[in-house]
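Everything on this sheet refers to the single structure shown next.
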Amino acid sequence: MDSSAPAGLPGLDQRIAGCRACPRLVAWREEVARTKRAAFADWTYWGRPVPGFGPPDARLLIVGLAPAAHGGNRTGRMFTGDRSGDVLYEALYAVGLASQPTSVSADDGLELYGVRVTSPVHCAPPANKPTPEERDTCRPWLVQELCLLRPTLRAVVVLGAFGWQAALPAFAAAGWTVPRPRPAFAHGAQVRLAAPDRHTALDLFGCFHVSQRNTFTGRLTPEMLREVLRRAARTAGLAVRN
């Protein structure tokens, strides 16, 4: 490890951005960054793993799936520059957890209040589908992030079944006790993860993913998303708007 790298979450984010562990994902993210989408021809794509976004003392963590090829892989920030991010940040703003309802670039001034956003896979995967091996290879990054957040983290919202399945082993590796049998994903689910040491228990909330497939069909409505965010934020001790 580079001794000159910053400590804590900034150092972790820096190391994540330099990861090249999964050959298929490296090739795909860099190919997308070279060929681009016509609408973003003038952009210089990020084209690297996308680290988490939000304050280091977050009380609430939101876990997605992976960056979008022309969203986070282009902008370098989680859920930024794509329709899924539009839905998520508009909801966070509506309940009082974000400074603005839009997220278009890494330097647009967006701030999150007590919330951090991350994912179990940090590279954009082909067809938005990481392999189980890629998921498992990326898991240590999430474990490290959870360990760094442990002093303040009180609740987690996981978006979608893939994120739920990928995150449960990470919570266990970071020191929380995951019930057995493992709790199944469901929208609106709430599970308490006990902490056997001096740290506080963690409340885990399930929410349908903010994908276009879910939001365009009405499987996930803005109010459904806001309600889960409100419940999780209140559990975490954050003030929210109704």
Side-chain angles (χ1 to χ4, degrees), residues 6 8-14 16-17 29 33 37 39-40 42-124 141-142 145 148-149 152-160 163 205 207 209-212 214-215 220 222-223 225-230 232-234 236-242:
L9 278 172
L12 177 66
D13 292 345
Q14 187 178 96
I16 288 172
R29 78 190 191 211
R37 177 175 284 173
F40 306 121
D42 295 336
W43 276 78
T44 299
Y45 275 52
W46 172 256
R48 290 184 277 165
V50 181
F53 168 57
D57 60 350
R59 299 181 68 87
L60 173 61
L61 182 67
I62 297 173
V63 178
L65 190 164
H70 301 283
N73 188 57
R74 169 172 60 90
T75 64
R77 193 172 73 190
M78 284 286 175
F79 282 106
T80 298
D82 59 59
R83 291 186 182 273
S84 294
D86 292 344
V87 173
L88 177 62
Y89 289 116
E90 184 175 4
L92 287 169
Y93 175 77
V95 301
L97 298 175
S99 63
Q100 61 193 44
T102 57
S103 178
V104 296
S105 68
D107 59 356
D108 61 8
L110 173 66
E111 294 182 53
L112 300 182
Y113 304 138
V115 179
R116 185 171 171 88
V117 181
T118 193
S119 66
V121 176
H122 286 276
C123 291
W141 294 126
L142 180 56
E145 190 169 15
L148 289 168
L149 291 169
T152 57
L153 190 63
R154 298 294 177 266
V156 179
V157 173
V158 180
L159 303 174
F205 295 82
C207 180
H209 196 279
V210 288
S211 66
Q212 291 186 58
N214 286 339
T215 57
L220 178 67
E223 181 51 39
L225 175 58
R226 291 194 297 265
E227 179 55 29
V228 173
L229 292 174
R230 287 190 194 101
R234 286 172 178 144
L238 297 172
V240 292
R241 289 193 294 260
N242 289 322

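Everything quoted here is computed from the prediction, not taken from an experiment. Positions are given from 1 along the sequence. We use all heavy atoms of the structure for the numbers below, so side chains are in, but hydrogens, waters and symmetry mates are not.
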Check the pair S84, V210 against side-chain contact (heavy atoms from CB on, under 4.5 Å), reporting the backbone distance first and the verdict last. CA-CA 5 Å; S84 294; V210 288; 3.9 Å; yes
Treating [X] as the side-chain partner and [Y] as the backbone partner, does any N or O pair qualify as donor plus acceptor under 3.5 Å?
X	Y	result
R59	A236	yes
R230	R241	yes
R116	A58	no
W43	W46	no
R226	A94	no

With heavy-atom distances below 4.5 Å as the criterion, would you say the side chains of [X] and [Y] are in contact?
X	Y	answer
V117	L112	yes
V87	L225	yes
L159	V63	no
Y89	T102	no
Y113	L238	no
L92	I62	yes
L110	V104	no
T118	L142	yes

Of the non-hydrogen atoms in [X] and [Y], which two are nearest, and what is the gap between them?
X	Y	result
A239	L97	O-CD2, 4.1 Å
V50	G72	CG2-O, 3.4 Å
L229	A91	CD1-CB, 3.8 Å
P67	N73	CB-N, 4.2 Å
G76	P51	O-CD, 4.4 Å
S99	G109	OG-O, 3.7 Å

Set out, in order, the CA-CA distance, both residues' side-chain angles and the distance that settles salt bridge (Lys or Arg N to Asp or Glu O under 4.0 Å) for D82 and R74, then state yes or no. CA-CA 10 Å; D82 59 59; R74 169 172 60 90; over 6 Å; no
Step by step, work out the side-chain contact (heavy atoms from CB on, under 4.5 Å) result for Y45 and R29. CA-CA 9 Å; Y45 275 52; R29 78 190 191 211; over 6 Å; no
Whether over 12 other heavy atoms sit under 6.0 Å from E90 CD: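 Open.
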Nearest-0.5 Å distance that lies between atom CG in L61 and atom CD in E145: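 Spacing of CG (L61) from CD (E145) equals 6.0 Å.
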Are F205 and V156 close enough, and set up right, to give a side-chain contact (heavy atoms from CB on, under 4.5 Å), and what steps lead you there? CA-CA 6 Å; F205 295 82; V156 179; over 6 Å; no
Let's go through S103 and D108 carefully: what are the C-alpha distance in whole Å and the side-chain angles of both, what is the deciding distance for side-chain contact (heavy atoms from CB on, under 4.5 Å) to 0.1 Å, and is it a yes or a no? CA-CA 7 Å; S103 178; D108 61 8; 4.3 Å; yes
Classify the side-chain pair R83/T215 by whether it contains a donor and acceptor separated by less than 3.5 Å.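 Looking only at side-chain atoms, T215 and R83 do not form any donor-acceptor pair under 3.5 Å.
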Distance alone, cut at 3.5 Å: any donor-acceptor contact between the side chains of T80 and T75?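 Short answer, no.
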Look at the rings of H209 and F79 and say which category their plane angle falls in: under 30° parallel, 30 to 60° tilted, over 60° perpendicular.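 H209 vs F79 ring planes: tilted.
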